[in-house]
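The next block holds one structure in the form of structure tokens; read it before the comments.
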2 protein chains.
Amino acid sequence: MGKVKTKNKFNDFLLTQGLKSTNQRELILEEFLCAGSHLSTEELYLRLRRKNPRIGYATVHRTLKLFAECGIAEQRHFGDGQARYEASDHDEHHDHLICVACGKIVEFEDPRIEELQVEVAGGHGFTIERHRLELYGCCSDCCQG
Amino acid sequence: MGKVKTKNKFNDFLLTQGLKSTNQRELILEEFLCAGSHLSTEELYLRLRRKNPRIGYATVHRTLKLFAECGIAEQRHFGDGQARYEASDHDEHHDHLICVACGKIVEFEDPRIEELQVEVAGGHGFTIERHRLELYGCCSDCCQG
DNA sequence: CCTCAATTGAAAACCGTTTTCAACTTAAAG
DNA sequence: CTTTAAGTTGAAAACGGTTTTCAATTGAGG
């Protein structure tokens, strides 16, 4: 989803929910979209402060929750104890490769794995709603090259 | 691994590390082994208190960490914000199915998925060290039967 | 403009986890 | 069986990320 489309979606969301469009929300969305994905609240907050020192952590936190609520962002946890947010391409699911050395996060998608998941779950009487697959290892920059 | 073998392993661990065998540690290990797996620290602590009200949360916490360190338990996070521990069958890996309705946790293993994971990771230049696969959905007790 | 509800930021509360510290155990030495 | 040194315990405090509170501010419709 393009930047403009995402911003429109957020504005629509605000309107339909009776929420207000504010300067902070615009700044946060802009920074969220142009900064790399998978930023933590803290990281995004620090980036924003560089440009606008008057912005508060609580506002960043609340705004990220709004993003998630309206479907333009998704919250993730990669085991380092803090929540991270990634821009959501909506209905296009992907999983993650995480380098344990440098922290790099790569997204991937594999329909064959998804298919097997459904099969395995079915075998146990489960209907899958969502899943989480994270592969932790070493990327080529860190461990081979 | 049987109960006795696990207890021996823990005692060996204590010896080789210069740690002491204490009444609390025995109680906690016994309860950990006979209570169902995937208990949180809090849950195990509450169970232990019923039998021995003088036991402290900190001790349960520290002892579970020891279990993990010595390889008889593994810490897991299933997204509800608290750490859970499961008895470890060592080198036999498995993943989890979690019922979003009743919280039931089922373990499974599928070599085909593992194989694909290695393949996909390799395609991105990664060498997998470990992974996490959790399927969240509805079990047959909750959503169908 | 005015008004009122929504929003903001600083600070406090929260919640699971981890550490501190003085009292207490353990195990090995005497 | 002491004694002793080191490890352990539990209550309480500290921690760290998250979430809420609240008084002051801002946005948008009347």
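Every chain is numbered from 1, with letters handed out A, B, ... down the list of sequences.
By the 30° and 60° cut-offs, the orientation of the rings of Phe32(B) relative to Phe67(B) is tilted.
When heavy atoms are screened at a 4.0 angstrom cut-off, Arg25(A) is found touching the sugar-phosphate backbone but no base atom. Looking at heavy-atom distances under 4.0 Å, Ser21(A) makes contact with sugar-phosphate atoms alone, never a base.
A sub-4.0 Å separation between OP1 or OP2 of dG10(D) and a side-chain N or O of Thr59(B) is present. One finds no side-chain N or O of Tyr57(B) lying less than 4.0 angstrom from the OP1 or OP2 phosphate oxygen of dT18(C). His61(A) has a side-chain polar atom (N or O) that falls below the 4.0 Å cut-off from OP1 or OP2 of dT19(D). Applying the 4.0 Å criterion to OP1 and OP2 of dT9(D), one finds that Gln24(B) has a side-chain N or O inside that range. A close approach under 4.0 Å does not occur between any side-chain nitrogen or oxygen of Thr41(B) and OP1 or OP2 of dG16(C).
Here dT8(D) presents its P atom at 15 Å from CG of Leu64(B), a figure rounded to the nearest Å. Gln17(A) has its CD atom 16 Å from the C1' atom of dT7(C), to the nearest Å. The NZ-C1' distance, from Lys20(A) to dG29(D), rounds to 9 Å in whole Å. Spacing between atom OH of Tyr85(A) and atom C1' of dT18(D) amounts to 9 Å, rounded to whole angstrom units. Atom CD1 of Ile28(B) is separated from atom P of dT8(D) by 12 Å (rounded to the nearest Å).
By the 4.0 Å N-to-carboxylate-O rule, Glu114(A) lies too far from Arg112(A) to be salt-bridged with it. Between Glu30(A) and Lys3(A), at least one side-chain nitrogen of the basic residue sits less than 4.0 Å from a carboxylate oxygen of the acidic one, meeting the salt-bridge criterion.
Residues His38(B) and Glu107(B) bring a donor and an acceptor atom of their side chains to less than 3.5 Å of each other.
Both Arg62(B) and Asp80(B) sit near DNA chain C, but only Asp80(B) has its closest nucleotide nearer the 5' end. For the pair Leu19(B) and His77(B), nearest-nucleotide mapping onto DNA chain C gives the more 5' position to His77(B). Residue whose closest nucleotide on DNA chain D sits further toward the 5' end, between Gly18(B) and Ala58(B): Gly18(B).
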